[in-house]
Amino acid sequence: MFLQFKREVEHVLKAALDKASYEHRALELETSEHADITSRIAFSLAARYRKPPAVIADDIVRNISIPPANRTLISEVAAMGPYINFYVSDSFLNATLERIKAGNTVDVDKRDTKIIIEHTSANPDGPLHIGHLRNAIIGDTLARVLKRSGYRVETQYYVNDMGRQVAVAVWGVSRFGLNTDKKGDHAVADAYIAANRMLESDATYQSEVEALMKRYETGDEAVMKRYEEAVQRCLAGIKASLHRLNIKHDLFVFESRFVRTGDVARIIEELKRKGELKYEGSAIMLQLEGIDKELVIQRRDGTSLYTTRDLAYHRWKSARCDRMIDVFGKDHELVSQQLRKALILLGVKVLPEFVIFEFVSLPSGSLSTRAGRYISADELMDKIEERAYEEVDKRRSDLSEDKKREIARIVGIGALRYDMVKVSPEKHMIFDLEEALDIEKKGAPFVQYAHARACSILRVARDEGITVPESADLSLLRADSEVALIKKLSTFEYVLENAARELKLHPVARYARELAELFNIFYKNCPVLNADEELRAARLVLVECTMRVLHDVLSVLGIEAPEEM
RNA sequence: GGGCUCGUGGCUUAGUCAGGAUAAAGCACCGGCCUUCUAAGCCGGGGAUCGCGGGUUCGAAUCCCGCCGGGUCCGCCA
């Protein structure tokens with residue numbers, strides 16, 4: 001409902017500015033603690049019209065005409081010094097609840113735009129660790145935000161099956177075998193780590209790995225079979241971990257396919273025609289405008305490189321979508337710029353947008369699969385669910401074992417997901433396991449708890465034979481905490497819209513927490529079931545609406561909403 | 001060395017792109033609240049030279065310049 005209110009504000013403000021003959025660029029609207037929407041436009045007009053901002057604000061307000069109450073959601077506009085403050089009407093509050101009750105928690109249109117989001121894309125040489133987790137959770141949440149905003153979204157996992165790391169893993173699996181008792185990704189990691197140790201101690205094995213890579217690139221069937229076994233085993237494990245996190249990719253795309261289809265060779269030929277190249281033996285280097293470092297697109301031995309295959313992948317993607325977004329770690333930033341420039345050179349129309357996140361490191365240093373220095377996602381999830389179980393057990397000894405396990409899983413995974421998106425991605429994270437496991441003071445459980453409380457009221461009501469009424473006198477809901485809660489419910493669509501436009505997720509996490517907080521305050525101040533019949537009816541509607549929006553925002557964050565906890 | 005990026009109460013952060021209303025939250029700390037719908041909750045309190053130094057402006061956490069500190073990239077790796 002908030003978006004409609006905002007459109008109305010834009011309309012009346014624009015009309016007033018025209019009427020008073022103020023030329024303007026933007027309306028400078030923002031939400032504020034002092035009003036429902038405020039405009040700071042008087043500040044920027046002050047310089048041009050050489051009048052104090054407060055005088056201009058006053059002048060504008062005198063020129064604003066608000067339509068009659070039955071045709072607007074604006075109740076009032078007032079100049080507060082230099083600020084022009086707009087306030088919502090009673091009908092806005094009522095309409096907000098009616099709309100949510102009817103099932104529309106947000107006001108969005110279906111859009112034709114199809115967006116491909118690439119995320120996670122961890123090398124299939126071991127299990128996901130907490131660095132990959134940040135990528136996966138950001139990518140998945142972004143996909144959910146865009147889907148909820150009406151876009152058609154496809155998520156892809158780009159499988160780097162042609163790189164040296166994977167060759168080492170395959171070599172290691174052949175040499176040391178796979179422990180079939182272990183989850184596939186962990187078994188592959190064992191072989192990979194052992195292989196790396198051996199390669200470090202004796203360089204003669206390096207040539208075996210290189211031979212393996214060459215034979216894979218040329219499509220040697222026996223080698224492809226060995227790759228297939230190791231990579232699929234590893235991916236099966238990775239998929240299982242992602243599944244636990246409530247993450248599923250629509251498509252897994254193997255980089256080797258672009259070599260086999262000849263796309264990579266075609267890309268190199270095209271770049272030879274269109275680009276500024278340097279040759280050193282058979283090695284080919286591409287000079288890109290504005291980037292000092294040239295991009296190597298073919299090795300001296302004639303084999304392809306990650307970047308070239310990635311170019312082919314992006315061109316392939318561009319033909320299948322209207323926008324594409326890559327979720328990358330900060331270490332890929334330069335590469336992503338080179339990729340973009342090279343795609344422009346190739347005449348590709350749909351260019352990638354990048355969501356870049358900073359690294360996750362451990363207090364002991366940076367993460368490394370190769371060195372075995374990482375906390376695997378599985379280990380982390382096991383521990384956090386275990387810790388969540390202790391908390392559930394402490395509070396709800398009345399529940400069955402299965403129920404307690406289920407709640408612990410929902411709370412634990414939720415806490416993990418929330419933690420990863422609550423801060424802006426450019427913030428470097430030093431991952432502290434103890435802190436991550438401190439379930440009690442997490443954002444997600446707080447929001448989930450509010451949801452469970454709302455469900456609890458509705459459940460107790462149902463048990464007493466009280467149903468949420470079809471219609472109620474919603475104008476009874478005018479206590480401070482009721483009004484604040486309804487206003488918060490109305491802004492979910494605004495938060496979502498901003499998140500989808502800016503590709504920023506932490507405001508969504510913040511919103512969820514704030515909504516939960518306002519519900520908790522309402523819960524404290526406004527008894528529902530013990531209120532008089534009419535008030536009880538209205539409050540039941542409010543509780544149901546809040547439950548829906550909490551459920552919706554949690555699902556956008558990929559977090560399950562428990563009905564009790 | 002060059003590029004990108006981060007630096008805000010004890011800790012973790014929001015706000016920075018588009019400069020404006022007393023710098024906003026969580027955790028931690030101190031003090032209150034369970035005969036009423038789940039206390040994973042609510043109420044109150046203390047605590048910040050917004051890394052440092054200049055500049056622009058009526059006004060700077062926000063813009064510009066310089067410096068300091070952390071991260072990262074600058075491979076015929078991925």
Side-chain angles (χ1 to χ4, degrees), chain A residues 25-26 28 30 32-35 38 40 42-44 46-47 52-53 80-83 85 121-123 125 160 162-166 255 280-285 291-293 296-307 309-310 329-335 337 356 358-359 361 366 388 391-392 394-396 411 415 419 422-424 426-430 432 435 438-450 452-461 463-464 502 506-507 509-510 513-514 516-517 519-521 523-531 536 539-540 543 564-565:
Chain A
R25 267 167 292 176
E28 303 188 39
E30 57 183 32
S32 156
E33 56 187 302
H34 306 281
T38 192
R40 296 174 317 183
F43 283 114
S44 45
M80 194 77 87
Y83 298 91
N85 289 343
S121 302
N123 284 341
D125 56 19
N160 305 134
M162 297 202 75
R164 183 172 302 271
Q165 272 88 320
V166 173
E255 61 172 342
E280 281 180 28
S282 313
I284 305 173
M285 261 99 67
I291 299 175
D292 292 341
K293 210 71 199 172
V296 182
I297 57 173
Q298 184 176 293
R299 283 198 188 92
R300 191 174 286 270
D301 66 5
T303 57
S304 66
L305 282 139
Y306 168 82
T307 349
R309 300 188 293 264
D310 210 20
K330 185 75 178 159
D331 57 337
H332 276 59
E333 197 170 41
L334 176 62
V335 174
Q337 283 166 22
I356 291 186
E358 266 286 3
F359 266 46
S361 57
S366 60
E391 294 297 327
V392 178
K394 202 159 69 190
R395 291 162 227 265
R396 299 298 304 271
V411 169
D419 256 20
K422 75 176 181 192
V423 304
S424 72
E426 64 265 23
K427 223 87 174 183
H428 175 218
M429 285 175 75
I430 295 170
D432 184 325
E435 203 176 291
D438 207 344
I439 276 292
E440 206 176 355
K441 53 179 93 130
K442 289 293 176 187
F446 182 82
V447 182
Q448 290 169 320
Y449 183 64
R453 279 178 135 184
C455 289
S456 179
I457 292 177
L458 297 172
R459 186 172 49 242
V460 173
D463 291 349
E464 293 177 8
E502 308 277 337
H506 57 281
R510 191 182 181 80
R513 211 194 55 71
E514 287 170 351
E517 184 174 36
F519 178 72
N520 280 331
I521 294 169
Y523 184 95
K524 184 73 177 181
N525 295 341
C526 304
V528 177
L529 299 177
N530 290 335
R536 183 180 69 195
R539 284 180 176 168
L540 277 171
V543 170
E564 58 180 324
M565 61 188 275

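Each chain gets a letter, A, B and so on, in the order the sequences are listed, and its residues count up from 1.
When the side-chain nitrogen and oxygen atoms of A:Ser424 are compared with OP1 and OP2 of B:A14, one or more of them lie within a distance under 4.0 Å.
Remark: the backbone N or O of A:Ser304 is paired with a side-chain donor or acceptor of A:Arg299 at under 3.5 angstrom. For the pair A:Arg539 (side chain) and A:Pro527 (backbone), a donor-acceptor distance under 3.5 Å is present. In this structure, the side chain of A:Arg513 does not engage the main chain of A:Ala509 through any donor-acceptor pair within 3.5 Å.
Shown here, B:U56 forms no base pair; nothing in the strands shown gives a Watson-Crick or G-U wobble contact with both key distances under 3.5 Å. Pairing partner, B:G1: B:C74, with both Watson-Crick or wobble hydrogen-bond distances short of 3.5 Å. B:G26 is paired with B:C11 under the Watson-Crick or G-U wobble criterion, all donor-acceptor distances under 3.5 Å. B:A21 is unpaired under the criterion used here, namely a Watson-Crick or G-U wobble arrangement in which both key atom distances are under 3.5 Å.
Rounded to whole Å, atom C1' of B:C74 lies 15 Å from atom CE of A:Met285. The CG-P distance, from A:Asp438 to B:U12, rounds to 15 Å in whole Å. Straight-line distance from the CE atom of A:Met565 to the P atom of B:U38: 14 Å, rounded to whole Å. Rounded to whole Å, atom C1' of B:C74 lies 12 Å from atom CD of A:Gln337. Going from atom OH of A:Tyr449 over to atom C1' of B:C42 covers 10 Å, rounded to whole Å. Atom NE2 of A:His428 is separated from atom C1' of B:U72 by 9 Å (rounded to the nearest Å). Straight-line distance from the NZ atom of A:Lys427 to the P atom of B:A14: 4 Å, rounded to whole Å. Between the OH atom of A:Tyr523 and the C1' atom of B:C43 there is a distance of 17 Å, given to the nearest Å.
In this structure, OG in A:Ser282 is found 7.0 Å from CD in A:Gln298, a value given to the nearest 0.5 Å. To the nearest 0.5 Å, atoms CD (A:Glu426) and CD1 (A:Ile356) are separated by 10.5 Å. Taking CG from A:Leu540 and CG from A:Leu458, the interatomic distance works out to 6.5 Å, rounded to the nearest 0.5 Å. Note that CG of A:Asn520 is 7.5 Å distant from OH of A:Tyr449, once rounded to the nearest 0.5 Å.
When all heavy atoms of A:Ala516 and A:Val447 are compared, the closest pair comes out as CB-CA, 3.7 Å. Residues A:Lys442 and A:Asp438 approach most closely at CG-O, 3.6 Å, considering heavy atoms.
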Worksheet item: When every nucleotide of nucleotides 20-25 of chain B is labelled 5' to 3' by its protein contacts under 4.0 Å (heavy atoms), B for base, S for sugar-phosphate only, - for none, what sequence of letters results?
Response: BBB--S
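When heavy atoms are screened at a 4.0 angstrom cut-off, A:Glu435 is found touching no nucleic acid atom at all. Across all strands, A:Cys526 comes closer than 4.0 Å to base atoms (heavy-atom distances). The residue A:Ile521 sits close only to the backbone: its heavy atoms come under 4.0 Å of sugar-phosphate atoms, none of a base. A:His332 comes within contact range of at least one nucleobase, with a heavy-atom separation under 4.0 Å. Among the heavy atoms of the strands, none lies under 4.0 Å from A:Val166. Within the nucleic acid shown, A:Arg309 comes within 4.0 Å of sugar-phosphate atoms alone, with no base atom in reach, counting heavy atoms only. Using a 4.0 Å heavy-atom cutoff across all strands shown, A:Val528 reaches at least one base atom of the nucleic acid. Using a 4.0 Å heavy-atom distance criterion, A:Glu358 is classed as a base contact. At a threshold of 4.0 angstrom between heavy atoms, the contacts of A:Arg164 are confined to the sugar-phosphate backbone, with no base atom among them. Contact annotation for A:Val392: base contact, defined as any heavy-atom pair under 4.0 Å involving a base atom.
Relative to the side chain of A:Asn123, the nucleotides B:C37, B:G41, B:A78 differ in distance, and B:A78 lies closest. Closest contact between the side chain of A:Glu502 and the listed nucleotides B:U72, B:C17, B:A14 involves B:C17. Listed candidates were B:C37, B:U72, B:A40. Nearest to the side chain of A:Ile439 is B:A40. Distances from the side chain of A:Ser456 to the nucleotides B:C37, B:A78, B:A40 place B:C37 closest. Nearest to the side-chain atoms of A:Glu333 among the listed nucleotides B:C4, B:A78, B:C17 stands B:C4. Checking B:U38, B:A40, B:G41 against every side-chain atom of A:Lys524, the shortest atom distance belongs to B:G41. Comparing B:A18, B:C74, B:C37 by their closest approach to the side chain of A:Lys293 singles out B:C74. Between B:U38, B:A40, B:C76, one nucleotide has an atom nearer to the side chain of A:Glu564 than all others, and that is B:U38.
Checked by atom type, the side-chain pair A:Asn160/A:Arg309 shows no donor-acceptor distance below 3.5 Å.
Comparing the C1' positions of B:C34 and B:G9 gives an interatomic distance of 32 Å, to the nearest angstrom. As rounded to the nearest Å, B:U22 and B:A61 have C1' atoms that lie 15 Å from one another. Rounded to a whole angstrom, the distance from the C1' atom of B:C63 to that of B:C50 is 16 Å. B:A25 and B:U8 have their C1' atoms separated by 12 Å, given to the nearest Å.
Nucleotide B:C34 is shown with a syn base, its glycosidic torsion being within 90° of 0.
Mapped onto RNA chain B by nearest heavy atom, A:Arg299 and A:Val460 fall at different nucleotides, with A:Val460 at the one closer to the 5' end. For A:Asn160 and A:Pro527, each mapped to the nucleotide of RNA chain B holding its nearest heavy atom, the one lying further toward the 5' end belongs to A:Pro527.
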